[in-house]
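Reviewing the structure listed below.
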Amino acid sequence: MLVDSQTENPLGRAIVERAELLAAHSDQPDALTVTYLTPAHRAAAAQIAAWMREAGLQVQVDAVGNVVGRYASADPEAKTLITGSHFDTVRNGGRFDGRLGILLPIVVVDDLRRRGERLPYHLEIVAFAEEEGVRFKSSFLASSALVGAFDMALLDRIDADGVTMRAAMRAAGLPGDEAAIAALARDPARLAAYIEVHIEQGPVLLDRGLPLGVVTSIAGSVRMSATVTGVASHAGTTPMPMRRDAAAAAAEMILAIERRCSQAPTLVGTVGMVGVPNGAANVVPGRCEFSIDIRAGDDATRDAAVDDVVRELNAIARRRGVALDLAQTMRVPCAPCSPRLMDLLEQCIARAGAAPLRLPSGAGHDAMILQRVTEVCMLFVRCGDGGISHNPRETMTVEDAELAARVFLDFVRTFRP
Ligand code: HGY
Ligand code: MN
Ligand code: MN
């Protein structure tokens with residue numbers, strides 16, 4: 001039994017305590033980093049499976065490493081409501097991003113089971129094995145398998161150590177073959193909907209003094225990798241006008257991205273990774289690599305910015321006499337949430353005595369992938385410490401976790417396919 005009903009905020013306490021316990025599994029000793037199929041990832045998966053079993057769920061690990069817990073309906077012909085989120089993290093990440101959306105439903109099912117309550121549909125909790133895309137640059141990998149959109153070419157992609165995804169799967173005891181992965185695609189006709197609980201990862205709820213929010217739409221992003229190629233030369237003997245400095249060119253490009261992506265309210269542009277391979281302090285950089293992530297509340301705004309950025313980066317390259325290679329690594333369209341499910345979530349929040357707020361999500365979530373095959377909704381939970389996320393300072397309160405769990409419980413009791 002996961003929940004000690006004798007304590008105050010029993011559901012919220014059970015959730016936050018387990019988030020702390022799960023954070024003990026990390027690829028790094030001094031930070032929370034859990035990337036796809038590493039030993040820490042497998043240990044986290046095993047821990048989640050154990051908690052699912054303790055809550056009375058039927059558990060299986062699927063061909064891409066998702067941990068799937070099923071709380072079956074009495075009616076074998078019933079449709080399935082899927083809930084869940086991801087348990088992989090960014091490097092040096094927070095302990096609630098993704099994990100809240102796995103632990104909260106597990107705790108709520110434990111509560112339902114203790115009351116002997118069954119639902120008029122099957123409830124599946126999916127702990128998605130990979131969403132952040134850190135190890136293989138393959139965002140939303142795990143949820144894409146559930147909608148039949150897994151890019152099989154990724155199986156041959158290598159990580160920083162030269163290990164292919166297929167080899168990593170087999171080392172983790174997964175089949176690592178196309179047929180087993182293709183078989184994960186859910187039949188949309190058997191799905192009732194998808195609901196994801198997630199921390200807001202921003203300051204809006206905190207600033208408004210509100211604990212919960214209803215997501216209206218999820219921003220879609222375009223990601224690119226940029227490689228600038230100049231000429232490596234001696235730092236002491238190469239006159240400035242004669243240089244083909246790849247890093248200086250990249251720096252001008254990064255500022256151009258920042259300038260263009262500051263021109264619309266929901267538009268954002270981020271260069272999260274920058275590097276000079278084989279660089280040295282006394283060598284003018286001959287090569288510089290960086291990532292580009294551009295997103296907005298609507299595809300048209302985002303795509304206009306992408307086009308302008310590509311045009312301006314190429315103009316900078318020409319003027320500086322360097323080569324620029326841009327490769328798109330991801331394009332995910334904005335995903336609207338279901339009006340019917342947003343209304344239901346709002347009613348549940350109001351019944352819990354909180355004032356519901358509708359807000360867009362600037363962060364991407366597995367819900368945007370499930371939205372391709374079924375109606376989706378998202379319940380946002382207030383993020384403390386200024387709303388910071390993708391940072392070990394990421395935090396939330398037991399009280400907000402309790403309230404979110406009670407709203408989720410009301411939702412699953414009230415929802416009908
Ligand atoms: O990038 C995102 O928005 C998410 O954290 N994967
Ligand atoms: Mn994240
Ligand atoms: Mn997340």
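Both counts, for ligands and for their atoms, begin at 1 and track the order of listing.
Screening Arg223, Glu130, Glu132, Glu131 for a side-chain hydrogen bond (donor to acceptor under 3.5 Å, both in side chains) involving Ser139 leaves a single residue, Arg223.
Comparing heavy-atom distances from atom 2 (C) of ligand 1 across Glu131, His365, Gln201, Arg295 singles out Arg295 as nearest.
A centroid separation of 6.0 Å or more is found between the aromatic rings of His365 and Phe140. Annotation: His122 is not in aromatic contact with Tyr71 [ring centroid separation under 6.0 Å not met].
Of all the heavy atoms of His390, the ones lying under 4.0 Å from any atom of ligand 1 belong exclusively to the side chain. Neither the backbone nor the side chain of Met330 comes within contact range of ligand 1; no heavy atom lies under 4.0 Å. Residue Arg223 touches ligand 1 through its side chain alone, judged by heavy-atom distances below 4.0 Å.
Between His390 and Asn92, the side chains place no donor N or O within less than 3.5 Å of an acceptor N or O (distance only, hydrogens not considered). One side chain, Ser389 or Glu394, offers a donor N or O that lies under 3.5 Å from an acceptor on the other. A side-chain donor-acceptor contact under 3.5 Å links Asp27 and Thr35. Side chains of Glu124 and Thr80: a donor-acceptor N/O pair is absent below 3.5 angstrom, by distance only.
Using a 4.0 Å cut-off to heavy atoms of Ala363, the atoms of ligand 1 that qualify are 3 (O). Close contacts between ligand 1 and Glu132 involve ligand atoms 4 (C), 5 (O), 6 (N) [criterion: under 4.0 Å to a heavy atom]. For ligand 1 and Gly364, the ligand atoms under 4.0 Å from any heavy atom of the residue are 2 (C), 3 (O), 4 (C).
At least one N/O/S atom of His198, from backbone or side chain, sits under 2.8 Å from the Mn ion (ligand 3). Contact annotation: His86 places no N, O or S atom under 2.8 Å from the Mn ion (ligand 2).
In terms of distance to the Mn ion (ligand 2), the nearest N, O or S atom of Glu132 is named OE2. The atom of Asp97 that is an N, O or S and sits closest to the Mn ion (ligand 2) is OD2.
Contact check for Val64 versus Leu184: side-chain heavy atoms found under the 4.5 Å cut-off.
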